[in-house]
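For reference, the structure is listed below as structure tokens.
Each chain gets a letter, A, B and so on, in the order the sequences are listed, and its residues count up from 1. Just so you know, these numbers come straight off a predicted model, no measurement behind them.
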Amino acid sequence: MSLSRIPLVAGLLIIAFVIQEAFINRINFFLGGFAFYLAFSIAWILKEDRSTAVLVGFISGLIADLSPTLEAPFGLWMLVMTGFAFVLTTYVRGSLDPNLSPLTLSVVTAAASAVALILFLIFGAILGQDVAPLNAVIREISGNTFWSFLLSPLVIPFALKMHNLSLTARER
Amino acid sequence: MATRGTNRARLLLVSLLVTSLLLITLDLRGANVITAVRSASQTILAPFQSAGSAILSPIGNFFSDLFNLGNTRERIAELERENEELKSQVILNENLEGELAQLKGVLDLAGKARFKTVSARVISKGGTSTFSETLVLDQGSRAGIRADMTVISEAGLVGVVKSTSANTSVVLLMNDPAFRVGVRVAGSQDMGVLAGQGRNLYSLQMLSASANLSVGDVLLSRGSSGDSPFVPGVPVGKIVFVDNAAGQLTKQARVEGFVDLNSLGVVSVVLDSRGNNPGDALVPAAPRPAPTVTVYVTPSPTSNE
């Protein structure tokens with residue numbers, strides 16, 4: 001990734017983060033909630049090469065850690081998203097069709113969102129965070145997966161369009 | 001080439017993971033910079049959250065209402081009748097009226113306890129990816145709000161202020177798994193500790209093995225030293241299940257909260273309890289039983305007779 005893309009990618013991730021914090025979080029989703037920002041970040045990571053994906057994962061984690069409502073230590077989302085971006089691009093992206101269909105991308109995004117949340121929870125517990133009872137956690141994660149699967153098709157085209165716009169002529 | 005690319009990715013991965021771990025360590029060691037960064041992000045987000053709150057207030061419950069359709073079928077007939085009476089009102093006013101009712105309720109509660117409070121609107125909630133139960137209020141340090149102040153609603157305890165910026169405050173809700181509050185049973189004054197469970201049911205651990213608990217007992221906040229973070233006497237919830245299993249050192253129970261934390265529009269932050277301890281004065285009144293209607297029927301003579 002050329003260095004000139006970093007501010008643009010960070011800017012777009014910040015916009016997605018503001019949409020999550022200011023709008024999506026206000027909606028009562030009945031079961032869990034929709035992690036728009038996470039879905040946007042993962043869809044973006046899936047379209048990048050390995051090095052860029054790791055860097056985008058780090059930046060997206062850094063922005064997620066800025067959430068004032070977050071109880072977890074600063075840096076936890078960074079740790080999870082950086083490692084997860086590497087795993088996604090190394091082991092998941094490689095085993096999929098290079099031209100991901102929108103449906104495959106939606107399924108992978110929803111599943112990856114759930115795995116990212118579980119990893120966040122596990123690492124948080126290791127660092128001494130209080131964890132909700134298992135049934136509450138299952139409800140939250142299954143709700144998030146459901147909404148991610150349902151609403152990702154709305155998010156992903158937007159993320160892909162932004163991703164294409166952010167590419168330099170040589171990268172295209 | 002591929003090996004060089006792989007090595008570069010791994011080197012980048014390791015350096016970024018080390019950076020993350022360094023930041024986690026700094027935060028866990030209480031570095032002020034990180035607290036300041038989150039506070040600054042809250043200040044920047046506040047105008048967007050206020051805008052989001054204004055735009056989404058009327059439709060914020062759309063999804064939950066959609067999923068509750070099956071459960072509310074019985075209410076539809078009743079609501080249709082009420083709807084005829086409400087047609088004359090402007091739809092957007094309903095939201096304002098709801099907030100006004102909540103504000104009146106919370107001011108009544110604070111007034112009864114003679115607490116000095118500041119009221120604030122809820123402008124955002126913690127997201128699903130944070131796994132923490134939090135709210136963002138549209139009042140902050142400029143209104144006198146500081147960390148570790150009690151937050152109440154018309155029905156009772158909501159949570160405690162976690163952090164503030166100039167114009168916003170983040171509230172840790174009482175159903176967060178990290179939330180603990182000392183409580184006492186109204187009447188018997190037995191003491192215990194209530195813990196959040198991530199939804200509207202809470203676990204209660206009594207401090208004494210001889211505590212006498214029964215279903216329906218009302219719990220009030222016990223109050224903290226210097227009334228921070230909790231002022232005394234605020235209704236917390238009522239006991240719905242008592243665990244009488246043998247072999248326990250202390251009694252345990254399940255508690256249902258008085259406050260519906262999913263539908264909060266307006267809350268109050270207690271700035272000063274003025275040294276008042278309302279005792280059991282804030283215990284919610286028991287619902288009055290509906291009067292029994294007796295209908296006398298006089299049989300009328302039929303034409304066959």
Considering all heavy atoms, the nearest [X]-[Y] contact:
{"X": "B:Asp27", "Y": "A:Phe74", "result": "OD2-N, 2.5 Å"}
{"X": "B:Ile24", "Y": "A:Leu127", "result": "CG2-CD1, 3.8 Å"}
{"X": "A:Glu71", "Y": "B:Ser132", "result": "CG-CB, 3.4 Å"}
{"X": "B:Arg38", "Y": "A:Leu66", "result": "CG-O, 4.1 Å"}
{"X": "A:Thr82", "Y": "B:Leu13", "result": "O-CD1, 3.7 Å"}
{"X": "A:Phe86", "Y": "B:Ala9", "result": "CE1-CB, 4.3 Å"}

Check your understanding: Between CD of A:Glu21 and CD1 of B:Ile123, what distance do you get to the nearest 0.5 Å?
Key ->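 It is 11.0 Å, given to the nearest 0.5 Å.
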
Point to revise | Neighbourhood of chain A inside residues 162-170 of chain B, taking heavy atoms under 4.5 Å as contact | key: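 Near chain A, by residue number: B:Lys162, B:Val170.
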
**Study point:** Derivation and outcome, side-chain contact (heavy atoms from CB on, under 4.5 Å), residues B:Val122 and A:Arg26
**Key:** CA-CA 9 Å; B:Val122 176; A:Arg26 280 297 290 170; 3.5 Å; yes

Exercise for review: Please indicate whether B:Arg180 has more than 12 foreign heavy atoms, meaning atoms of other residues, nucleotides or ligands, lying under 6.0 Å from its CZ.
Suggested key: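 Counting other residues, nucleotides and ligands, CZ of B:Arg180 exceeds 12 neighbours.
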
Review point. Can you name the residues that form a side-chain hydrogen bond (donor to acceptor under 3.5 Å, both in side chains) with B:Gln252, not counting sequence neighbours?
Key: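 Partners of B:Gln252 under the side-chain hydrogen bond (donor to acceptor under 3.5 Å, both in side chains) test: B:Gln205.
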
**Study point:** Interchain contact, B:Leu45 with chain A, by part (heavy-atom threshold 4.5 Å)
**Key:**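 For B:Leu45, the side chain is the part near chain A, not the backbone.
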
Hey, can you pull the donor-acceptor pairs under 3.5 Å for the side chains in residues 150-158 of chain A, sequence neighbours left out?
| residue | atom | partner | partner atom | Å |
| --- | --- | --- | --- | --- |
| A:Ser152 | OG | A:Ser148 | O | 2.3 |

Practice item. Could you give me the CA-CA distance, side-chain angles and deciding distance for A:Thr69 and B:Lys125, then say whether side-chain contact (heavy atoms from CB on, under 4.5 Å) is met? Key: CA-CA 8 Å; A:Thr69 56; B:Lys125 295 194 293 185; over 6 Å; no

Exercise for review: With a 4.5 Å heavy-atom cut-off (strictly below), which parts of residues 36-43 of chain A touch chain B? List them by number.
Suggested key: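 Near chain B, by residue number: none.
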
**Study point:** chain B contact via A:Ala22 - which portion, at a heavy-atom distance below 4.5 Å
**Key:**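 Its backbone and side chain both get close to chain B.
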
